[in-house]
Amino acid sequence: MSLVVATVLGATSFSPYVANAVSNQQIQQKRDAINSIRSKKSSVQSEMNKADQEIKHLQTQQAQLDQEIKKLDMAVSETSEKIRNLSETIDSTKQDIEALKKQIAEVQARIEKRNELLKERARSLQQSGGVVSYLDVLLGSQSFGDFLDRINAVTTIFEADKQIIKEQEEDKALKEKKETELTGKLTSLQSDLQELQQLKQQLNEQIHEKDQLMAKLEKKEDEMHEHKMALAEEQEVLAKQEAAMKAQLQQLLVQQQQEAARSSSSSSTSTRVSSGSDASNVPPVTDGTFMRPANGPITSGFGPRGGEFHPGVDIGKRAAEVPIVAAADGYVFRSYYSQSYGNVVFITHLINGQVYTTVYAHMESRLVGEGQTVKKGQIIGYMGETGYADGPHLHFELHRGPWNAQKSNAVDPRNYINF
């Protein structure tokens, strides 16, 4: 600020405000503009604080989701282990069934062997019911001793038949019992296995849903970080604008003091900066608040474009060297390389109490720096295609008020400039 004051005091001919008398209204307008920028800075800072809180909230949600996903992973692992154990049990049960089948086959073979031995006897029993055959044996005895022997023989045969039948029924019952038991067990295990497989599928679906939600939260966090970066850039631009306004206000105050000290008003002239070799391609200074910033056709207008909003106009490059000039008297508060704008210059203007901002983007080179005052028609750089540019051109924006990242103050330059 001291440098600005010294410059104004020592070389007033370079100030764009010395030519006209400074009024208290101009000073108040400048102060109002500074207060407006400060209010906007406060609003942007509040948005940045909200963005920080939202980012922390999203990070907390991600941490909670991460713990839930870990629990689900463990549940899936436990379920998989149960499935493996059940599969082994099922295999063991199947082996038991095969062993039982062999045992039943052996029992069946014994039954068949006994049936073969008693086939004739069994046929006799089936035909006569067994009573007549036994009586024939007993009545055919030759003596009492023979009768007793025959009774013993019949009794033995009868008991043997009963034992065989009993063993056969027991073996059949055992076979049915074991088959029913093992079949039921196998059915139960298969049902459990199917249930566990369904559970595992459900858990995997839940994990997939959690992963999708996590991806959305991460994307939202990235968007919030980008939003915060945009707010930080806007904050920096506003700070530069505020500094520019303060410097201009100081110039006005110093000029007012000088005018009060002099008995007569002084005037000064300033020379526009131009290059002799480019003079033929420099747009002429025209009447009105603003002039066209460069020669060339309008290749893209203000408004909707390809599903997005174009906050300015594009002027095509139709010569090897196309100078870019300041559209009005003003103060350079930002001159730097932006990833999107490329080489870009921001100029603030205070015209009839209204703050305007002009933006000159995708420049090949910049000839003015931050803190420099410029005159209407002064060359500030050359047309190029730096940054996100589709071919060489000048992207020119006009804002009625301070610049902001949302471009809410952007107006159509064609309403102010005759292109």
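These numbers come from the heavy atoms of this one structure, side chains and all, not from hydrogens, waters or symmetry mates. All values reported here derive from a predicted model rather than from experimental measurement.
- In this model, a donor atom of one side chain and an acceptor atom of the other lie less than 3.5 Å apart for H395 and E397.
- For the atom pair NE2 (H208) and CD (Q201), the distance works out to 12.5 Å, reported to the nearest 0.5 Å.
- The stretch residues 286-306 participates, sequence neighbours left out, in these ring pair (Phe, Tyr, Trp, His ring centres under 6.0 Å) pairs: F290-H349, F290-Y356, F302-F309.
- Each of Q372, K240, R366, E370 was scored for a side chain to side chain donor-acceptor pair (under 3.5 Å) with S335, with one residue passing: R366.
- Side chains of Q53 and H57: no donor on one and acceptor on the other come within 3.5 Å.
- The number of heavy atoms from other shown groups lying within 6.0 Å of CG (N415) is above 12.
- For R318 (side chain) and G296 (main-chain N/O), no donor-acceptor pair under 3.5 Å exists by modelled atom type.
- Not a single donor-acceptor pair under 3.5 Å links the side chain of H362 to the backbone N or O of G387.
- The minimum heavy-atom distance between M363 and I380, with the atom names listed, is CE-O, 3.6 Å.
- Distance check: N352 CG to Q29 CD gives 8.0 Å after rounding to the nearest 0.5 Å.
- The 12-atom threshold is not exceeded at NZ of K56, counting heavy atoms of other residues, nucleotides or ligands nearer than 6.0 Å.
- Side-chain contact between I347 and V332: present, with at least one pair of heavy atoms (C-beta onward) separated by less than 4.5 Å.
- Atom CZ of R292 is separated from atom CG of L394 by 10.0 Å, given to the nearest 0.5 angstrom.
- Crowding of Q339 atom CD: a count of heavy atoms from other residues, nucleotides or ligands under 6.0 Å not exceeding 12.
- Using a distance-only test at 3.5 Å, with no hydrogens or angles considered, a donor-acceptor pair links the side chain of N281 to the main chain of E321.
- Between T386 and G342 the shortest heavy-atom distance is OG1-CA, 3.5 Å.
- In this structure, the side chain of T187 engages the main chain of T183 through a donor-acceptor pair within 3.5 Å.
- Residues D287 and K376 share a closest heavy-atom pair of C-NZ, 4.1 Å.
- Taking a 6.0 Å sphere around CD of Q406, one finds it holds more than 12 heavy atoms contributed by other residues, nucleotides or ligands.
- With D314 contributing its side chain and T299 its backbone, the two residues share no donor-acceptor pair below 3.5 Å.
- Residue Y337 holds its OH atom at 7.0 Å from CG of N343, rounded to the nearest 0.5 Å.
- Atom-to-atom distance recorded for Y360:OH and I324:CD1 is 9.5 Å, nearest 0.5 angstrom.
- Within the model, atoms CD of E226 and CD of E223 stand 7.0 Å from one another, a figure rounded to the nearest 0.5 Å.
- The two residues G401 and Q354 have their closest heavy-atom pair at N-NE2, 3.8 Å.
- The side-chain contact (heavy atoms from CB on, under 4.5 Å) test applied to S77 returns no partner, not counting sequence neighbours.
- In plain terms, the two heavy atoms of V325 and P283 that are nearest each other are CG2-CG, 3.8 Å.
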